[in-house]
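What follows is one structure encoded as structure tokens, with my remarks underneath.
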There are 2 protein chains.
Amino acid sequence: MPEVQFTGSLSVLAPIAVAAARAVVSLPAAAARENNTFRKMTLVQHSPLFANVLPSEGREIVSAARECQFSRRDRIFLAGDPVRQVTLLTSGSAKIVQFGQSGTEVILGLKGPGDVVGALGVCPQDHHCSTAQALAASHALIWDTGVFETFSQRFPQLRRNITHILCQQLRELEERYREISTEKVSVRLSHQLVRVLNQLGRRVNGGLEIRLSREELAQLTGTTLFTVSRLLSDWNQRGIVSTRREAVSVHNFQALAELAEEE
Amino acid sequence: MPEVQFTGSLSVLAPIAVAAARAVVSLPAAAARENNTFRKMTLVQHSPLFANVLPSEGREIVSAARECQFSRRDRIFLAGDPVRQVTLLTSGSAKIVQFGQSGTEVILGLKGPGDVVGALGVCPQDHHCSTAQALAASHALIWDTGVFETFSQRFPQLRRNITHILCQQLRELEERYREISTEKVSVRLSHQLVRVLNQLGRRVNGGLEIRLSREELAQLTGTTLFTVSRLLSDWNQRGIVSTRREAVSVHNFQALAELAEEE
DNA sequence: GGAACTCTTTGCGCAAGAACAAAGACGTCC
DNA sequence: GGACGTCTTTGTTCTTGCGCAAAGAGTTCC
């Protein structure tokens, strides 16, 4: 397997436009580096962004990226910033939010490893209309939009993948939009939990767990943290979910899904 | 200008998968046909789908389409149908809807001349998850997905445009999602009116008019027709809009936009 | 022209859930 | 280990806007 060219040094040269992003400049031992490379490549190969892209091409594209890491709550980009980069999460997770007047916050989507964070398909001269914030310590590969655009031209499959990703996002948001305008809160919350658990849930002794606060669940569902808290407390007592501080886990996935039907 | 090859005959041969679509088989006089061609080409050239596509290429792509027309309320495709076609509206308008349980209907978006109706960027083996219905008598150009895919491969700009269109749609829905989860009905309705008027409003003696029923406005805004009716009656009395059966027109556009701020 | 249909208006009662408040649990940082 | 900060629970009150009903206005079709 050809050595992937590292860009740790490059990231020192290139201006880091991402707010709060710290370049990975710690120089690990060669073994750790090999290991990191391997992890990165396998992840990338499973990302929807690189679906049906040849491994050799994938490696070339990845080698042109620089690596960044984010701490929990770091902003990856801010609404209003010009779109300069394409960011592929390799670990951790992030939320895409918008703010209403009076500071109310809405979560438009969550991103996990293998997901592209940010405005795919936007004209480079456009501006972000959402803010992305890390939910946990995360790593990412970052390309400048110009560089990525060049790759898109050379590898048409890349652009096809982007189209597909956008389409997926649109469909999910359409589903959420339909729910928020027709279903009541309990149904929306249970559906949203199912979606989020499928996307980002982690296996924790026999159940799936998602690390989101009541408030974040409310912002995902279009309600208040109070209502979320009441519903979760209820479901907790009925044995459908188990609630923790800033986390919910589900053992009885079936019951959660059925919850939506009955109510 | 090279003659555009007509496909009126072709549409007789090709199986028409679109429900309720009637192929244009009336054979107009050559002059009318010329005129129609011209109208079609100028419209197409202004469609976001053909932005920055060479006129010659545009003509080739258009000549491979067949033409259909739809009457008001005709279904263009149904949720659950396999995605077989790409449909470009050349006149009229359509709504994209989804149904909740108990028959409640949500309008996810409206399409006008130059807009692509349907699932762009979906895998051909996928199925529609929305229904498209003509709001008025409409004409459209239709390509089979396979044919259109071939063009996308030959003309990369086409795929870039699709990406861009999807991105636009995503942004609009994100905006609507933010509004529906944070703003109250009056604000949402006034914003929605502004958006819809900009997209599909027709100049009617000094004002912009949109032909949507109270119920359709409610389905766009995520509320009931009663609430919409009350708000519009109020705004009508205050001289901000003028209401008609199945239509709203706005003379004081500014006031409508400001309405959103104050409340 | 008028019957039938659809769309719209308006009134009234009510419930879902938002807003607010206050206390309790959990985690963390000295 | 204890003080502080954040997150969560739970109670109470209150408002928005939904549900339903019934009358009114505008089309369409004989």
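Throughout, a chain's letter reflects where its sequence line sits, starting with A, and its residues are numbered from 1. On a predicted model such as this, the values are computed, not experimentally measured, just so you know.
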Please determine whether a side-chain nitrogen of the Lys or Arg among [X] and [Y] lies less than 4.0 Å from a carboxylate oxygen of the Asp or Glu.
X: Glu174(B); Y: Arg176(A); value: no
X: Arg72(B); Y: Glu246(B); value: yes
X: Arg203(A); Y: Glu209(A); value: no
X: Arg238(A); Y: Asp234(A); value: yes

- Task: May I ask you to test the His128(B)-Leu78(B) pair for a side-chain heavy-atom distance under 4.5 Å?
- Result: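 His128(B) vs Leu78(B): side chains apart.
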Looking only at side-chain N and O atoms, does [X] come under 4.0 Å of OP1 or OP2 in [N]?
X: Thr243(B); N: dT8(C); result: no
X: Thr227(A); N: dA18(C); result: yes
X: Ser229(A); N: dC7(D); result: no

- Query: Which letters describe nucleotides 20-30 of chain C, given B = protein heavy atom under 4.0 Å from base, S = only from sugar-phosphate, - = neither?
  - Reply: BB---BBS---
- Compare the minimum distances between each of dG17(D), dT8(C), dC7(D) and the side chain of Arg214(B), then state the nucleotide with the smallest one.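 Selected nucleotide: dT8(C).
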- Query: Starting at the 5' end of DNA chain D, which residue's closest nucleotide do you reach first, Thr223(B) or Val228(A)?
  - Reply: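 Taking each residue's closest nucleotide, the earlier one in sequence belongs to Val228(A).
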For [X] and [Y], test the side chains for any donor-to-acceptor distance below 3.5 angstrom and give the result as yes or no.
X: Ser242(A); Y: Ser249(A); answer: yes
X: Gln192(A); Y: Arg195(A); answer: yes
X: Glu67(B); Y: His139(B); answer: no

Spacing between [X] atom [atom1] and [N] atom [atom2], to the nearest angstrom:
X: Trp235(B); N: dT8(C); atom1: CH2; atom2: P; result: 16 Å
X: Leu225(A); N: dG17(C); atom1: CG; atom2: C1'; result: 13 Å
X: Gln219(B); N: dC7(C); atom1: CD; atom2: P; result: 11 Å
X: Glu215(A); N: dT6(D); atom1: CD; atom2: P; result: 12 Å
X: Leu231(B); N: dT16(D); atom1: CG; atom2: C1'; result: 11 Å
X: Leu232(B); N: dC7(C); atom1: CG; atom2: P; result: 16 Å
X: Leu189(A); N: dA16(C); atom1: CG; atom2: P; result: 17 Å
X: Arg211(B); N: dT6(C); atom1: CZ; atom2: P; result: 17 Å

- Query: Which residues pass the ring-ring contact (aromatic ring centres under 6.0 Å, His included) test with His251(A), sequence neighbours left out?
  - Reply: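 His251(A) satisfies ring-ring contact (aromatic ring centres under 6.0 Å, His included) with no other residue.
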- Task: Could you tell me, to 10°, how much the axis swings from one end of the helix from dG1(C)-dC30(D) to dC30(C)-dG1(D) to the other, five pairs per end?
- Result: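 About 40° separates the two local helix axes.
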- On DNA chain C, check which nucleotide each of Arg73(B) and Ser233(B) is closest to and give me the residue with the more 5' one.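 Of the two residues, Arg73(B) wins.
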